[in-house]
There are 2 protein chains.
Amino acid sequence: MEISERKKRILAAVVDEYIATAEPVGSKLIAQKSGLSVSSATIRNELAELTSMGYLEQPHTSAGRVPTAQGYRMYVNELMDRHRLSIEETEEINRSMQLKIQQLDKMMSDVGRIAAEMTDYPALALAARQSATIKRFDLIYVDSNTFIIVALLSTNAVKNRLMHLPFSVDAMMVQKLSTVFNASFCGITEDQITPILISSTERSTGDTMGLVAAIAGFAIEVLSEEKSSQAVIAGKAKLLRLPEYQDPVKAHSLMNYLSDSEHLAKLQGMDFGNDVKVIIGPENVAEELRDSSVVLAKYDAGDGTQGLIGVVGPTRMDYSKVAAKLSYIAEGLSKALTGSKPMPGFGALMIPDNTMDKSKG
Amino acid sequence: MEISERKKRILAAVVDEYIATAEPVGSKLIAQKSGLSVSSATIRNELAELTSMGYLEQPHTSAGRVPTAQGYRMYVNELMDRHRLSIEETEEINRSMQLKIQQLDKMMSDVGRIAAEMTDYPALALAARQSATIKRFDLIYVDSNTFIIVALLSTNAVKNRLMHLPFSVDAMMVQKLSTVFNASFCGITEDQITPILISSTERSTGDTMGLVAAIAGFAIEVLSEEKSSQAVIAGKAKLLRLPEYQDPVKAHSLMNYLSDSEHLAKLQGMDFGNDVKVIIGPENVAEELRDSSVVLAKYDAGDGTQGLIGVVGPTRMDYSKVAAKLSYIAEGLSKALTGSKPMPGFGALMIPDNTMDKSKG
DNA sequence: ATTAGCACTCAGAGGCAGTGAGTGCCAGCA
DNA sequence: TGCTGGCACTCACTGCCTCTGAGTGCTAAT
């Protein structure tokens, strides 16, 4: 059945109102607020039809209407007017991003925190999951039983480790290890670091003290870390502010779910049409998310790979505003990470703040 | 007024029971469980006195007794039998520590997570706040417009940053910068990095591209970071499991408070008698913590400075068990960070797992 | 097609009695 | 003198009832 223009306006009004108040919406209110000059009785008829079409539902007979998942879906796809970020909003975002995105390693958690702060919902950040390799290895000799390992990964993240040894090594040995590791451990993935490779490296360096094994262990660790645990969530406590999570059991279940980065990681690898994806309540695969919605935006992480940022909230979420903000943050992030060199670390200090400003006046 | 031996046993029984059930405790139950062979009427008399002495209170006339803060204080100071960790418990802790404490930078958050997991309460970790200095600087030349800065701090943390430049530099220049920075930026604190120092460094390197400023900016950043934001909290969601935080308003207020690391940092700098400190409900300075308790254990972070780990929970907390676990974790942490070289990163790979085992069979 | 009017529904609030866990106190007993 | 059994009392909690009011669906009139 086709949905009339008037029905659309009414549905949109119901959703808007419900988003704002979290209370079932009655016909009288709609009659006032929708801008349609018809009586509440007319609205009632329309509401009844929208209900039978599955866009709305009633908590009980004598209550107002509440949007169903299908109703939200329609709203998101067709009805909502896209929120235009105000200058203040963009500036606020720019300011936080400027400050925060300096260090590639911490980027994830910072971006998460920014998104949470900007949207006032818990926010997540997922890094593009990819099999990283080590681009180059450096060992820095500190003193006779200390050196630092520095590894530059293919993802451009830099990892380090201070190694304190129970015995002495000389600078020569460190130098030698560095050369050998650069030759044999660069460009390979985690699972290519085999015991065979390690023992052959031990032989070629003449190491009998387990140094090679320790460094290889570090390599394995950073590579697997890069591949997996790249999901963070920030601002979980913000859920408790919302009426839909006043039930501690519900809140706990969702928070628990969100606390586990393995769960979050599953959001990666969704198929993605345009830049922002909205997953409404029951559309979620995970049981725990069934009465919450997720809004995701993808960002370009360079090398053609992409990551995600997103927020989690009640199905009654201000989709329009959240989507706009996320998409803006994602855009800024993409720019920072790819195209526009200089890299953020440098750019933030060198270049005033035009990295992202031009996208919106 | 002196408190009799029997009163002590009764008080201890009340606290134990209340810790376990979160329900007001009645005289009958105590008569059964305390092991004293007296009737409930006798217990009632004793309870009445304990109440008038301020150790217990009644939520209402016809309810059982609940310990007051003073009651808990007495319990913690004198009555509770110190929990002895079982072999399984120590082993579980050892195992997680072994796995996690490898990288000094991430140590804080890992330790927090371990403590939260082990105690089942939200846990915090505070680093010893100290003015760090840079021990040594290394610039690693990657390609003509990329290099990595590596700084080893006085705290033994290693920080890095990938610098991507909008222009070319040659390896020689990088080398030169490295030398100059090592000479003039090592051993100084954040506030000693002045514009004057920067411009004089610029002159001595002949840098006109802002490279020196960028590197100095990195130095300032890591030093201030090391000094300040060294507080993490993990497992906040665990609060929601507890009956005392079923009220979403209360839970939200506490979680919010805990989310701000500035608040947590205030716990640092408490005076500390023995190794574990218990702060019960109203003894807390912060309003938000007034009906929660905090258990803190200090660890030795080397250089004579010390950090804290702790958990936050309801006043009805299993102090004994929590204290025992925290203290064990703190002890292991101290060992890992100081005395017993090798450092964890290496030790974890080289030395089976005797770093901490001997403290308890 | 729209609307005014009306009967109907039902969650939620407020009031009220019954229940039971727990208390305080007293009188009797060791 | 201290302990105990007994008893009256208190009061949160529960279930039950009624009342209220927001909101509905339907119908007849416009």
Side-chain angles (χ1 to χ4, degrees), chain A residues 1-11 13-15 17-18 20-68 71 243-244 246-247, chain B residues 1-11 13-15 17-18 20-68 71 243-244 246-247:
Chain A
M1 177 191 179
E2 208 32 64
I3 182 170
S4 74
E5 200 50 42
R6 191 168 69 181
K7 279 200 183 57
K8 284 185 183 176
R9 278 185 66 177
I10 292 174
L11 177 54
V14 172
V15 176
E17 191 60 28
Y18 188 69
T21 64
E23 297 288 325
V25 188
S27 54
K28 215 162 150 189
L29 197 66
I30 298 295
Q32 286 165 29
K33 294 223 174 175
S34 70
L36 298 163
S37 32
V38 291
S39 77
S40 67
T42 309
I43 303 286
R44 273 204 292 287
N45 289 328
E46 296 283 48
L47 288 178
E49 285 188 55
L50 282 167
T51 304
S52 74
M53 289 163 79
Y55 294 111
L56 297 174
E57 65 187 352
Q58 290 179 282
H60 53 266
T61 328
S62 69
R65 301 309 209 280
V66 163
T68 59
E244 23 276 285
Q246 293 304 75
D247 174 11
Chain B
M1 177 190 179
E2 210 31 64
I3 183 169
S4 74
E5 201 50 43
R6 191 168 68 181
K7 279 200 182 58
K8 285 185 183 175
R9 278 187 64 179
I10 292 175
L11 177 55
V14 172
V15 175
E17 191 60 27
Y18 188 68
T21 63
E23 297 289 325
V25 188
S27 53
K28 215 161 149 189
L29 197 66
I30 297 296
Q32 285 165 28
K33 293 223 174 175
S34 70
L36 297 163
S37 31
V38 290
S39 77
S40 68
T42 310
I43 303 286
R44 274 205 289 288
N45 289 328
E46 296 283 48
L47 288 179
E49 286 188 53
L50 281 167
T51 305
S52 72
M53 290 163 78
Y55 294 112
L56 297 175
E57 65 188 352
Q58 289 180 282
H60 53 267
T61 328
S62 69
R65 301 309 208 281
V66 164
T68 60
E244 22 275 287
Q246 293 304 77
D247 174 11

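Everything quoted here is computed from the prediction, not taken from an experiment. Below, read A as the first sequence line, B as the second, and so on, with proteins coming before strands; counting in each chain starts at 1.
The side chain of A/Thr61 approaches C/dC10 more closely than any other nucleotide in the set D/dC11, C/dC10, C/dT3. Each of C/dC10, C/dT23, D/dA12 was ranked by its minimum atom distance to the side chain of B/His60; first place goes to D/dA12. Comparing C/dG5, C/dC10, D/dG6 by their nearest atom to the side chain of A/Arg44 picks out C/dG5. Taking every side-chain heavy atom of A/Arg6 into account, C/dT2 is the closest of C/dT2, C/dT9, C/dA21. Nearest to the side-chain atoms of A/Ser62 among the listed nucleotides D/dT4, D/dG21, C/dG24 stands D/dG21. Among D/dG21, D/dG25, D/dC3, the nucleotide with an atom closest to any side-chain atom of B/Thr42 is D/dC3.
Spacing between atom NZ of A/Lys7 and atom C1' of C/dT2 amounts to 14 Å, rounded to whole angstrom units. In this entry the distance linking CD of A/Glu23 with C1' of D/dG21 reads 15 Å, nearest Å. When the P atom of D/dG23 is taken as reference, atom CG of A/Leu56 falls 15 Å away, rounded to whole Å. In this entry the distance linking CG of A/Asn45 with P of D/dT27 reads 12 Å, nearest Å. Rounded to an integer number of Å, the gap from A/Lys28 NZ to C/dG5 C1' is 13 Å. The interatomic distance linking A/Glu49 (CD) with C/dT2 (P) rounds to 11 Å, in whole Å. To the nearest angstrom, C1' of D/dG25 lies 12 Å from CG of A/Leu47. One interatomic measurement links the two molecules: OH of B/Tyr18 to P of C/dG22, which rounds to 14 Å at whole-angstrom precision.
Between B/Ala22 and B/Pro243, the closest heavy-atom pair is CB-CG, 3.8 Å. Contact record, A/Thr68 with A/Gly54: OG1-O, 2.6 Å, taken as the closest heavy-atom pair. Contact record, A/Gln58 with A/Ala63: NE2-O, 3.2 Å, taken as the closest heavy-atom pair.
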B/Ile3 and B/Leu50: CA distance, side-chain angles, deciding distance, side-chain contact (heavy atoms from CB on, under 4.5 Å) verdict: CA-CA 9 Å; B/Ile3 183 169; B/Leu50 281 167; 3.9 Å; yes
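Between A/Ser39 and C/dT2 there is no side-chain polar atom (N or O) within less than 4.0 angstrom of OP1 or OP2. For the OP1/OP2 pair of C/dG24 and a distance below 4.0 Å, the side-chain nitrogens and oxygens of B/Arg65 include at least one atom meeting the criterion. The phosphate of C/dG22 (OP1 or OP2) has no side-chain N or O of B/Ser27 nearer than 4.0 angstrom.
The distance from the CZ atom of B/Arg9 to the CG atom of B/Leu36 is 4.5 Å, given to the nearest 0.5 Å.
Taking for each of A/Ala63 and B/Ser37 the nucleotide of DNA chain D with the nearest heavy atom, the 5'-most of the two is the partner of B/Ser37.
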